[in-house]
Amino acid sequence: MAEPGGGRPVTVSDVQQLVRRKDEIEAQIKACYELLEGQKGVGMHEPLVDAEGFPRADIDVYQVRTARHNIICLQNDHKALMKQVEEALHKLHAREKEKHAKDEAEAMAEAMRQNQSLAQAFAKVNAVTPGSPASVSGLQVDDEIVEFGSVNANNFQNLQNIATVVQHSEGRPLSVTVIRGGRRVHVGLTPKRWAGKGLLGCNIIPLQR
């Protein structure tokens with residue numbers, strides 16, 4: 001299929017237009033078959049002459065011939081159009097795949113840039129209790145903390161800084177940024193009472209740089 005618009009990439013709208021044309025052709029084929037059905041159920045191959053070789057008087061021979069001719073032409077159009085639909089979908093999927101790969105590559109490049117310019121991690125998670133607020137938020141052991149609410153490497157002095165933020169944020173989500181496997185990950189952590197000790201259910205230790 002030639003790309004619509006002289007080399008313009010195939011769009012979803014192009015595919016929808018082709019499908020609409022396909023539906024129209026199918027409706028026309030159906031109408032032709034219904035016309036044949038109305039002519040004493042004459043199909044595509046029944047004879048149009050009687051036993052003596054004269055045109056049948058019980059049907060409109062001209063209408064039947066026209067309907068048969070139209071069905072053959074429309075079926076050919078339908079076949080060609082289905083091929084166009086298939087090719088358009090293939091191009092569309094290939095482009096989506098290419099775009100996805102490009103987006104992923106850009107996201108990874110951005111993540112790498114961010115990691116290079118990351119504020120230093122200042123603390124590390126070394127234990128997470130299952131079922132705790134920390135566990136529910138997705139915080140994991142070995143996550144290196146870059147930001148914990150308002151605390152970051154520039155203003156972190158000791159673990160009391162984190163404890164203060166936690167106490168003041170009970171019941172409210174905290175934005176926590178960690179480095180996990182070399183990538184920056186954002187976690188929404190809500191300190192709250194639970195079955196275990198404290199408001200988080202995880203253990204954090206300062207990072208020795």
Side-chain angles (χ1 to χ4, degrees), residues 3-5 7-19 85-86 88-209:
E3 300 258 317
R8 177 174 62 79
V10 175
T11 65
V12 173
S13 173
D14 294 328
V15 176
Q16 287 170 339
Q17 201 175 338
L18 288 172
V19 169
V85 170
E86 194 182 327
L89 284 171
H90 178 72
K91 284 177 182 171
L92 203 59
H93 289 157
R95 206 171 78 249
E96 282 300 314
K97 199 173 171 186
E98 191 181 309
K99 182 178 179 296
H100 182 67
K102 188 180 169 199
D103 288 349
E104 270 200 343
E106 282 177 2
M108 281 186 73
E110 177 59 26
M112 285 177 74
R113 278 198 300 275
Q114 281 186 342
N115 285 345
Q116 281 158 10
S117 62
L118 275 182
Q120 288 271 321
F122 59 86
K124 182 178 176 179
V125 179
N126 72 340
V128 178
T129 308
S132 65
S135 171
V136 170
S137 76
L139 210 57
Q140 295 179 11
V141 172
D142 291 334
D143 280 351
E144 295 191 354
I145 299 171
V146 175
E147 290 169 353
F148 194 101
S150 58
V151 182
N152 56 44
N154 298 327
N155 60 18
F156 175 75
Q157 293 167 329
N158 53 48
L159 291 175
Q160 186 55 46
N161 300 139
I162 290 178
T164 303
V165 169
V166 169
Q167 284 156 12
H168 287 127
S169 304
E170 186 175 347
R172 293 201 308 274
L174 269 173
S175 175
V176 178
T177 304
V178 301
I179 298 173
R180 180 184 300 161
R183 297 184 70 176
R184 194 179 174 110
V185 178
H186 296 284
V187 173
L189 173 58
T190 304
K192 58 185 172 185
R193 307 277 168 196
W194 62 292
K197 287 193 300 181
L199 298 175
L200 297 181
C202 68
N203 196 49
I204 295 170
I205 55 171
L207 267 182
Q208 304 302 321
R209 291 292 185 193

Does the pair M108 and E104 meet the rule for a side chain to side chain contact (heavy atoms under 4.5 Å, CB included), with working shown? CA-CA 6 Å; M108 281 186 73; E104 270 200 343; 5.6 Å; no

I need the L199 CG to S132 OG distance, nearest 0.5 Å. 11.5 Å

Can you confirm whether R184 sits close enough to T177 that some side-chain heavy atom of one is under 4.5 Å from a side-chain heavy atom of the other? yes

Would you compute the distance between atom CG of L18 and atom OG of S13 and round it to the nearest 0.5 angstrom? 9.5 Å

Applying the side-chain contact (heavy atoms from CB on, under 4.5 Å) test to I145, which of I179, I204, I205 qualifies? I204

Residue pair G138 / D143: nearest heavy atoms and the distance that separates them: O-OD2, 4.4 Å

Once you round to the nearest 0.5 Å, how far does CD of E106 lie from NZ of K99? 9.0 Å

Residue pair F148, L189: steps toward the side chain to side chain contact (heavy atoms under 4.5 Å, CB included) verdict: CA-CA 9 Å; F148 194 101; L189 173 58; 4.1 Å; yes

Heavy atoms only: give me the nearest D14-P9 pair and the separation to one decimal. OD2-O, 3.9 Å

Are V178 and V125 side-chain neighbours, meaning at least one heavy-atom pair lies under 4.5 Å? no

Considering all heavy atoms of both residues, which atom of R180 and which atom of V187 are nearest to each other, and what is their separation? NH2-CG2, 4.3 Å

Answer whether the closest heavy-atom distance between the side chains of L159 and P206 falls below 4.5 Å. yes

W194 to G131 - nearest heavy-atom pair and separation: CE3-O, 4.2 Å

Check: F122 and N154 side chains under 4.5 Å, non-hydrogen atoms: no

Measuring from E98:CD to D103:CG, what's the distance to the nearest 0.5 Å? 11.0 Å

When you measure from the side chain of S169 to the backbone N and O of R172, does any donor-acceptor pair fall under 3.5 Å? no

Set of residues satisfying salt bridge (charged side-chain N to carboxylate O under 4.0 Å, His left out) with respect to R95, sequence neighbours excluded: none

Under the 3.5 angstrom rule, does the side chain of N152 hit a backbone N or O of N155 as a donor-acceptor pair? yes

Can you confirm whether P133 sits close enough to T190 that some side-chain heavy atom of one is under 4.5 Å from a side-chain heavy atom of the other? no

Partners meeting side chain to side chain donor-acceptor pair (under 3.5 Å) with K97 (sequence neighbours left out): none

Go through the structure and list residues passing salt bridge (charged side-chain N to carboxylate O under 4.0 Å, His left out) with E170, not counting sequence neighbours. R193

Smallest heavy-atom separation, S137 atom then G188 atom, equals CB-O, 3.3 Å

Search all heavy atoms of L92 against all heavy atoms of V10 and return the closest pair with its distance. CD1-O, 3.3 Å

